[in-house]
Structures are given as C-alpha cells and as structure tokens.
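The structure appears below as structure tokens.
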Amino acid sequence: MKNPDELQTESSAAGDGATVAVSPHKQSWLHSRRFRRHIMPWLFIAPITLLHLVVVVGPSVAGMYYSLTEWSGIGKAEFVGLDNFRELFFEDRNFLLALRHNLMWLAFFLTVPFAMALAVATLLAQVRIGSMAIRTAFFVPYVLPSVVVASIWRMLLDPRLGFGVALENWGIKGLAYPYLGDKNTALAAIAFVDNWHWWGFLMILFLTAMQSIPSDLYDAAKIDGANRWQEFLHVTLPGIRPTVFFMLMMTAIWSFLVFDYVWILTHGGPAGSSEMLATYLYKQAFQRFEAGYGAAIGITMSAIAGVMATIFVLLRRRGWDV
Amino acid sequence: MFKKKGKSRLIPNYIILLLLVCLALGPILVLFFNSLKSFNDLGTNPIGLPRVVQIENYVNAWVQGEFATTLTNSLIYVVFTVAGVLVLGGMAAYSLARLDPPGDNFYLVYMLTLSTLPFWLYVIPLFIMWRNLGLLDTRAGLIIMYIAFNSPFAIFLLRSFLMSLSRDFEDAARVDGANEWQVMTRVVIPIMWPAFLTVGLVVGLGVWSEFQAALIFLQRDELMPVTTSYYNFTQRFGRDWSLTSAGAVMMIAPVLALFLALQRQFVTGLTQGGIKL
C-alpha cells in the first residue's frame with residue numbers, strides 16, 4: 001500500500017524539478033504537481049489548525065507547566081515542583097470536598113438521566129399519534145441557555161414564591177423549602193435543574209438509536225413469545241448499546257467539568273456545600289489570583305476525566321460493546 | 001377488536017408521556033406567565049395565569065437590562081463565529097475530503113484527540129496570553145476563541161457530509177478547465193448548504209447560550225453577550241421575578257422560534273456531534 005504512494009511522490013518531485021528548469025515562471029510552480037498534491041491541501045487546513053493550536057493546544061501545554069509553579073498571573077512564575085498537588089490532596093479540604101461533590105454528581109448523572117431516558121424512549125417508541133409533538137416538547141429544554149434554565153428554577157424552587165407555595169394553596173403542604181439555600185439539599189437541587197434540561201436530549205438520542213433497530217428482530221421476539229420486558233432486555237437494549245455506552249463515557253468526562261449551573265445557582269455555596277472542581281478553580285484563579293494553584297486543579301480535573309475516558313475505551317476493547 | 005386492544009394498551013404510555021411533557025414545558029410556561037405579572041400579583045400567585053397582564057415589564061427589562069446592546073452583542077458573536085467556523089472549517093473539511101493531503105489520517109487522529117482537551121485545562125494560560133496580546137475584554141478575542149472551540153466539530157461534520165457526496169460534478173468542472181479554487185467556490189459550496197445550515201445552527205446556538213468563557217474573558221458591560229449580562233441583571237434585580245422573567249423570555253424567544261422553524265436541522269446537528277456541555 002505504501003510503496004506506490006512513495007513512488008508517486010518521488011516521480012512527481014522529479015517532474016517538478018524539470019518543470020522549473022524548463023520554464024522559470026512563478027506561475028509554473030503554482031501549477032506544479034508537487035504544489036497541487038502536497039502543499040496546497042495543507043494550506044486549506046493550516047488556518048483553522050493554527051487557531052486551534054494557539055487557543056487550545058498551546059495553553060494546555062503551558063497549563064501543565066504552570067501547575068508546577070507558584071504564580072499570581074503577573075510577573076515571573078516560581079517553580080515549586082509538585083508542591084501544589086501535595087497541598088491539593090493532603091491539605092486542602094475544600095478541594096477534597098469539591099472532588100467528592102463531583103463524584104456524587106457523576107453517580108447521579110450516570111444513573112438518573114439514563115434510567116429516565118431509557119424508560120421514556122421505550123414508551124415513546126411504541127406511540128404513533130402525537131409522537132413528533134411529544135418529541136419536540138422533550139427537546140425544548142435542551143435548547144435553552146443555562147442562565148435562563150437556572151433563572152426559571154431559582155423562581156420555582158424559591159421557598160416563598162416557588163412551586164411549594166402554589167401546592168400549599170392547593171392543599172399539599174410541606175414542599176415550600178429553600179432547596180438551594182440549605183446545605184443538605186443545594187447540590188441535589190442543582191443536579192435536578194441540570195438534569196431537567198439534559199435528560200430529554202439523551203432520550204432523543206436513545207429513541208433515534210432504537211428506531212434504527214431492524215423491526216424483524218421484534219417480530220422474531222414476538223414469535224418466540226417474549227413479553228415487553230423481555231423484548232426490551234433482549235432486543236432493544238443490545239440494539240442501542242453503542243449509543244448508551246458512548247453517552248455514559250461522555251457523561252463521565254463532563255461530570256468533572258460542570259460549571260454553569262453551579263455557579264449561576266449557588267456559587268458553590270452555601271458554605272461550600274455545592275462547591276465543584278470547576279467553581280473552585282474559578283475562585284482560585286480569577287478571584288484570588290492563584291494562577292499556579294488553579295492550573296494544578298485544572299490538570300487534576302482533566303486527568304480524572306482522561307482516566308474515566310480511558311477506562312471506558314479499555315472496557316470497550318474487552319468486548320463490552322459490539 | 002384487535003385494533004381496540006392495541007390502542008388501549010398504549011394509554012399508560014400516553015399518561016406518563018403527558019405528565020413528563022408537563023414537566024418539560026410547564027416551567028417555561030410559568031416563566032412566560034410570570035413575565036406578564038405585576039410585582040404584587042406574582043407575590044400572591046406565583047405559578048398560575050396572570051390576573052392582569054402587565055406588558056410594561058418587557059419595556060422595563062429591555063431598558064434596565066440593556067437588552068438592545070447585549071442582544072446586538074450576542075448577534076455579533078454568533079454571526080462572526082459562525083462565519084469564521086464555516087469558512088475556515090469548511091476549507092479544512094474540503095481539503096481532507098477531496099484533496100487527499102499526505103498524512104491526513106494522522107491529522108484526523110490529532111483533531112479527534114486534542115479537541116477533547118477540556119476548557120479548564122487551558123483557560124488560565126489562555127487568559128494570561130489574551131491579556132498580553134491585548135485580546136482580553138475585546139470582541140475579537142472572544143470570537144477567535146469561539147471559532148477555535150467549535151472548529152473540530154465543524155471539520156468532522158462537514159468532512160463526512162462531503163465524503164457522502166459523489167465527485168462527479170467536480171470532475172466534470174475540472175474537465176471543463178476549472179481550477180481547484182473555482183471547483184470549490186462554484187461547485188462544492190452550492191451543494192454543501194444543508195451541512196452549512198446544520199453546523200451554523202449548532203454553533204450559533206452554542207455561542208448564543210455560552211456563559212463560562214464570556215464570564216471569564218469579558219469585563220466591560222458594553223461588550224457582554226446577553227447571557228452574562230442577563231446573569232448580572234438577575235443578580236441586581238434578584239427578587240423582581242416579573243422583570244427578570246421578561247428578560248429571559250426576550251432572550252429565548254428568537255431561539256425557540258428558530259428551533260420550531262428548523263427543528264429537523266437542529267435535532268440532526270445536535271445529535272450528530274454537537275453533543276457538548
């Protein structure tokens with residue numbers, strides 16, 4: 001496979017030299033085979049790649065270096081080795097608390113939205129009349145900006161003006177509660193709000209995957225006398241397994257990067273009860289100007305997310321997936 | 001008789017689905033109702049229909065939230081980011097799908113791996129670099145970042161769309177003596193509109209809703225997009241729900257209108273790979 005390719009390269013290079021020797025116009029080089037086949041394609045790719053290198057890749061590498069320094073973001077960074085990481089893992093209780101919250105977040109988002117999405121996609125797949133309208137309704141929360149979703153739910157979860165008060169007016173008491181203001185419920189309330197905007201999208205992904213399962217598999221299951229539950233277990237679930245698996249992996253990665261909903265709803269409070277790695281990083285780097293320390297948090301988050309992704313990729317290689 | 005049985009079998013499905021539809025749309029309806037209530041009405045009647053419709057909330061929110069400025073800013077960010085992503089990402093996708101650059105497989109792996117680098121890994125050095133380059137707290141600085149964030153998705157989607165198209169038209173144009181630039185602008189771009197629309201919608205929605213980068217990289221009020229500006233607005237008028245609700249409705253109305261009009265393109269785009277935070 002490689003040899004003809006190389007041969008072609010050499011012959012075109014040789015032909016190129018000949019062209020230049022015969023007619024020394026600039027035009028001829030632009031029209032030469034070598035330029036057309038090897039240089040020009042990369043000129044099309046170069047601008048966006050340079051941009052991505054400057055904005056994303058370069059700073060990522062720099063971040064790894066800064067995580068080893070004590071630095072305010074201004075002036076010279078002082079190299080301190082792994083000191084930041086020692087402090088993070090052995091001294092900083094706020095960091096460990098945030099890490100724990102991210103793990104709880106992970107546990108919630110690997111289970112609740114997946115269960116809801118699987119159940120509802122199964123119910124919706126059987127329905128014909130009104131199916132498109134229902135699908136649209138479930139998708140709408142996903143297209144709303146996080147600031148609006150947060151604003152809606154801050155209103156509805158308010159102890160004096162929220163849904164609890166409305167239910168009280170109808171005779172159901174005890175649900176008017178400062179969900180976001182109590183340190184025992186704040187994290188759960190934020191997870192609920194984030195999930196409200198997220199699970200419908202997950203459901204649509206599963207539904208799309210379900211609809212690509214060949215219908216004769218279902219016919220065969222019916223002939224074998226399978227009930228609805230057996231049908232789900234032996235036909236539907238294996239059919240959408242790649243999608244479920246991929247989304248589990250993405251959820252695992254994202255769970256360590258969550259910021260918007262936490263910041264908008266509680267700023268990590270009250271009393272650090274909903275602090276996450278991202279909000280903690282934001283506070284360290286952009287409010288206390290501990291750029292080196294913040295970079296160390298960033299590396300830690302990214303490393304954990306990377307390990308999660310690697311675990312999933314390895315599981316997939318082991319045959320957990322089709 | 002069989003038919004009847006088949007239909008009644010689905011009644012539990014409909015009941016559960018409709019309850020969940022209420023959960024999905026109910027809060028948005030409450031937002032809309034509250035945007036029309038007076039302050040006192042909202043205090044005694046937080047969920048139900050407004051007793052008296054008070055349209056002035058919109059006028060007040062528009063003025064006090066400076067929506068004229070911030071909606072314009074958001075529109076600028078969306079338009080320039082989408083244009084940049086489509087032009088630069090489109091060029092790269094065209095090259096990868098059609099010009100067979102040597103080493104393209106390596107490049108695809110590179111993009112796939114490095115596009116997963118998380119925002120929080122590079123945000124601090126990027127912030128310092130932007131400050132040193134004078135791009136911090138500028139429109140251009142934010143747009144350049146948004147183009148870079150969104151480019152891998154655009155390259156992959158446009159490339160796979162192009163690869164699903166036949167090369168016959170392009171070859172015919174080449175036979176007629178068109179050069180590569182003419183082939184791209186006269187033949188390829190016109191047939192790529194559906195893919196451009198999908199990418200544009202996904203990227204545009206992402207930029208319109210973007211919060212964390214705008215929060216970190218912009219300080220001046222007059223440059224803020226509607227998201228961070230609205231966030232500050234809710235901090236300032238925290239308990240005036242009718243005012244903040246009116247602001248929220250103005251922010252989501254264009255998104256919802258566009259979504260309902262172009263639902264299919266939105267859903268395909270978002271499910272194909274616009275799966276993001």
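Owing to the predicted nature of the structure, the values given are computational and were not obtained by experimental measurement. Every chain is numbered from 1, with letters handed out A, B, ... down the list of sequences.
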So for [X], is it side chain, backbone, both, or neither that comes closer than 4.5 Å to the heavy atoms of chain A?
X: B/L20; answer: both
X: B/L205; answer: side chain
X: B/P12; answer: neither
X: B/M129; answer: side chain
X: B/L126; answer: both
X: B/I155; answer: side chain
X: B/F119; answer: neither
X: B/I144; answer: both
X: B/V87; answer: neither
X: B/L260; answer: side chain

Fill in: Residue among A/W198, A/W199, A/F201 satisfying ring-ring contact (aromatic ring centres under 6.0 Å, His included) with A/F138
A/W199

Practice prompt. Among A/W263, A/F256, A/Y261, find the residue that satisfies the ring-ring contact (aromatic ring centres under 6.0 Å, His included) test when tested with A/F259.
Written response: A/W263

Pairs of heavy atoms under 4.5 Å with chain A: top-ranked of [options]:
options: B/Y110, B/Y107, B/W208; value: B/Y107
options: B/V267, B/N132, B/L96, B/T234; value: B/V267
options: B/T244, B/I216, B/V226; value: B/I216
options: B/L114, B/L17, B/V21; value: B/L17
options: B/L18, B/L42, B/L25; value: B/L25
options: B/L256, B/L88, B/N13; value: B/N13

If you count heavy-atom pairs under 4.5 Å with chain B, which of [options] comes out on top?
options: A/G63, A/G298, A/S302, A/A166; result: A/S302
options: A/I297, A/I204, A/L277, A/V148; result: A/V148
options: A/V56, A/V140, A/I134; result: A/V56
options: A/L124, A/L43, A/L161; result: A/L161

Item to complete: With sequence neighbours excluded, tell me which residues meet ring-ring contact (aromatic ring centres under 6.0 Å, His included) with A/F289.
Response: none

Discussion item. Once you measure the plane-to-plane angle for B/Y230 and B/F233, does it fall in the parallel (<30°), tilted (30-60°) or perpendicular (>60°) bin?
Written reply: tilted

[X] and [Y]: side-chain donor and acceptor closer than 3.5 Å?
X: B/N34; Y: B/S245; value: no
X: A/S131; Y: A/R135; value: yes
X: B/E210; Y: B/T227; value: no
X: B/D240; Y: B/S242; value: yes

Look only at the side chain of [X] and the backbone of [Y], and say whether a donor-acceptor pair between them is shorter than 3.5 Å.
X: B/R98; Y: B/V188; result: no
X: A/S151; Y: A/V147; result: no
X: B/S229; Y: B/P225; result: no
X: A/D260; Y: A/S146; result: no

Side chains of [X] and [Y]: does their closest heavy-atom pair fall under 4.5 Å?
X: B/I147; Y: A/I48; value: yes
X: B/R159; Y: B/L108; value: yes
X: B/P102; Y: A/W42; value: yes
X: B/V207; Y: B/F149; value: no
X: B/W241; Y: A/R154; value: yes

[X] versus chain B, the contacting section by heavy-atom distance below 4.5 Å:
X: A/I264; value: both
X: A/Y66; value: side chain
X: A/A62; value: both
X: A/D158; value: side chain
X: A/I74; value: both
X: A/V61; value: neither
X: A/L156; value: side chain
X: A/M301; value: side chain

Item to complete: Spell out the residues in residues 278-286 of chain A that have some non-hydrogen atom less than 4.5 Å away from a non-hydrogen atom of chain B, in order of number; otherwise answer 'none'.
Response: A/A278, A/L281, A/Y282, A/A285, A/F286

Worksheet item: Got a second to check how far B/S74's OG is from B/M251's CE, nearest 0.5 Å?
Response: 8.0 Å

Worksheet, complete the sentence: Output for pair (A/M250 CE, A/F246 CZ), nearest 0.5 Å, gives 4.5 Å

